[in-house]
Protein chains: 2
Amino acid sequence: MSVGRETRLSAWIERFAAHFAEEGIPLIGGRILGYLLVCQPTERTAAELSQELEASSGSISTNLKFLVNAGLVTKRTRRGRQAAQYRINEKRWVDMIQRKLDALVSVRELTESGMRLMSGDPERAMRLRTVDDLYTWLATELPAVWERRPSSSR
Amino acid sequence: MSVGRETRLSAWIERFAAHFAEEGIPLIGGRILGYLLVCQPTERTAAELSQELEASSGSISTNLKFLVNAGLVTKRTRRGRQAAQYRINEKRWVDMIQRKLDALVSVRELTESGMRLMSGDPERAMRLRTVDDLYTWLATELPAVWERRPSSSR
DNA sequence: CTATGGCTTCAGTGTCGACCGAAGTGTCGG
DNA sequence: CCGACACTTCGGTCGACACTGAAGCCATAG
C-alpha cells in the first residue's frame, strides 16, 4: 500500500514548517509557506488555507498578514465580494536570506563600539579584538559574495 | 559629571546581551559572554559572575553549562576546594558563526527532497525550484568563502 | 568521619507568545 | 437599508521557557 504524493507533500510541509519554527517563525506561518510553494493551483484564499492546514481563521489571518508584510506572500484582491487570493512570492526569498546575513554581520557594530570603549588598553581589548576581527572579515566578505549572485539584478 | 568606563561597559554588556537574546540566547547567557569578553582579570568564578551580573547562582550555573558546552567559555578547575574559574574562549566564536551559516544552508536539504517529490511535474515545481536554486547557490558559495578566511587553519 | 564550601539540580513562579474561536468591521449585491 | 460573506481583531487559554532560591550533592580539609 503505497503512500500518495499529496500525503507525502503534507509530511514535507510539516518538516518545512518545523525547520522555520526553530528560527522563530510561527508553525502556522511555516505551513502556509510550504503549502503555497507546492499547491496546485498556486493561489489560495484564506478560507482554503484554514481548511487545508486545519488552522483557525484568526491564525491564518495573523500569519498571512505577517508573511505579506515580509514580502514572501502576495495578496491578490478581486472585484465583487470574492475572497482575496494568496500566492507565494518566491522571488522575495532572497530578501529574507539577506536579512538573516545582515543580522549576523550587525554584531560588528557592537564589537566596534566595544573596541572604542577599550581604546587605551590593548591588553584588555585582546579578547574582544579576536571577535571584532571575525565580524569585520564577515562584513567585508559576505556582501561581496552577494554581488556575485546570479541575477543579483535586484 | 562624566560617566566612568566601567559604567559604560555595563551598558555595552547589556546591549550585547540584548542582541543575542533576539537570537534565542538567554539574557543571562549573553551577559556572561559580554562580561567575560571585557572583564579584568579575564577569569571569574561562578560566584563572582552571580554577584557582578546580579543573577541567581542557579541561572549562572545553567548558562555557564550551556556556554561551556557550546565551547564559548572554558572552565578551569583548581586543586583544593577552590572555585572553578571561567574565561571566554574567543577562538571558538568562529564555530558559532559556522553553525549559524550551516543552519541557513541546511534548508537546502528540505528544498531538495521537495523537488524530488515534484519530479515529473516541472510546471508545479517552478516555485520551489526558485527557492531550491537559491539555497543550492548558497551551499556552494558559503563554504568557499569560509576557506578563504584568514587562519582558517581552524 | 564530619564540617565546610561551591556548584548543580529542581520545583515553583512569572512572562511571553502562539493559537483558537467568537465578536466585530467592512464591503458588496440586492 | 439589509443580508451575506470574508477577513480582522481581541479576549482567553495553553504551553514553553527563563529565572529564582533552596535543597541536594560532591569534593576537600581538618
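Quick note on labels: first sequence line is chain A, next is B, and so on, each numbered from 1.
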(request) Return the nearest nucleotide to the side chain of A:Ser59; candidates are C:dT8, C:dC19, D:dT9. (result) C:dC19
(request) Ignoring hydrogens and angles, state whether a donor on the side chain of B:Ser59 or B:Ser56 is under 3.5 Å from an acceptor on the partner side chain. (result) yes
(request) Please tell me if the side chains of A:Leu67 and A:Leu36 come closer than 4.5 Å, counting only heavy atoms from C-beta onward. (result) no
(request) When you get a sec, tell me which of D:dC7, D:dC19, C:dC7 is the closest nucleotide to the side chain of A:Ala47? (result) D:dC7
(message) Tell me the interatomic distance from A:Leu49, atom CG, to D:dT8, atom C1', rounded to whole angstroms.
(response) 15 Å
(request) Measure from the side-chain N and O atoms of B:Arg44 to the backbone N and O of B:Gln40, and report whether any donor-acceptor pair falls under 3.5 Å. (result) yes
(request) Give the nucleotide from the list C:dT8, D:dC19, D:dC7 with an atom nearest to the side chain of A:Ala83. (result) D:dC7
(request) Would you jot down, in residue-number order, the residues of residues 20-46 of chain A having a non-hydrogen atom under 4.0 Å from DNA chain D? (result) A:Ala46
(request) Would you mind reading off the distance between A:Leu67 atom CG and C:dA18 atom P, rounded to a whole angstrom? (result) 12 Å
(request) Side-chain contact test, heavy atoms from C-beta onward, threshold under 4.5 Å: evaluate it for B:Tyr86 versus B:Leu64 and give yes or no. (result) yes
(request) Grab the CD-C1' distance between A:Gln85 and D:dC7 for me, whole Å please. (result) 14 Å
(message) Could you tell me how far apart A:Phe66 (CZ) and D:dT8 (P) are, to the nearest whole angstrom?
(response) 15 Å
(message) Please tell me if A:Lys65 has a side-chain N or O lying less than 4.0 Å from either OP1 or OP2 of D:dC7.
(response) no
(request) Figure out the CG/P separation between B:Asn69 and C:dT8, and round it to whole Å. (result) 13 Å
(request) Using atom CD1 of A:Ile60 as one end and atom C1' of D:dT9 as the other, report the distance to the nearest whole Å. (result) 16 Å
(request) May I ask you to decide if the ring planes of B:Trp137 and A:Trp146 are parallel, tilted or perpendicular, using 30° and 60° as cut-offs? (result) perpendicular
(request) State which of C:dG6, C:dA22, C:dT8 makes the closest approach to the side chain of B:Lys75. (result) C:dT8
(request) Could you check how far CZ of A:Arg76 sits from P of D:dA6, rounded to whole Å? (result) 16 Å
(request) Name all stems that contain residues of DNA chain C, defined as runs of 3 or more consecutive Watson-Crick or G-U wobble pairs, both distances under 3.5 Å. (result) C:1-30 with D:1-30
(message) What is the distance, to the nearest angstrom, from the CZ atom on B:Arg78 to the P atom on D:dA29?
(response) 13 Å
Which pairs of donor and acceptor atoms, one on a side chain in residues 18-26 of chain B, lie under 3.5 Å apart (sequence neighbours left out)?
unit_1: B:His19; atom_1: NE2; unit_2: A:Ser106; atom_2: OG; d: 3.4
unit_1: B:Glu23; atom_1: OE1; unit_2: B:Lys100; atom_2: NZ; d: 2.6

(message) I'd like to check A:Leu142 versus B:Leu142 (side-chain heavy atoms, cut-off strictly below 4.5 Å). Are they in contact?
(response) yes
(message) Is it the case that the side chain of A:Ser10 and the backbone of A:Glu6 share a donor-acceptor pair, with hydrogens and angles ignored and the cut-off at 3.5 Å?
(response) yes
(message) Any side-chain to backbone donor/acceptor pair from B:Gln51 onto B:Glu48? Under 3.5 Å, distance only.
(response) no
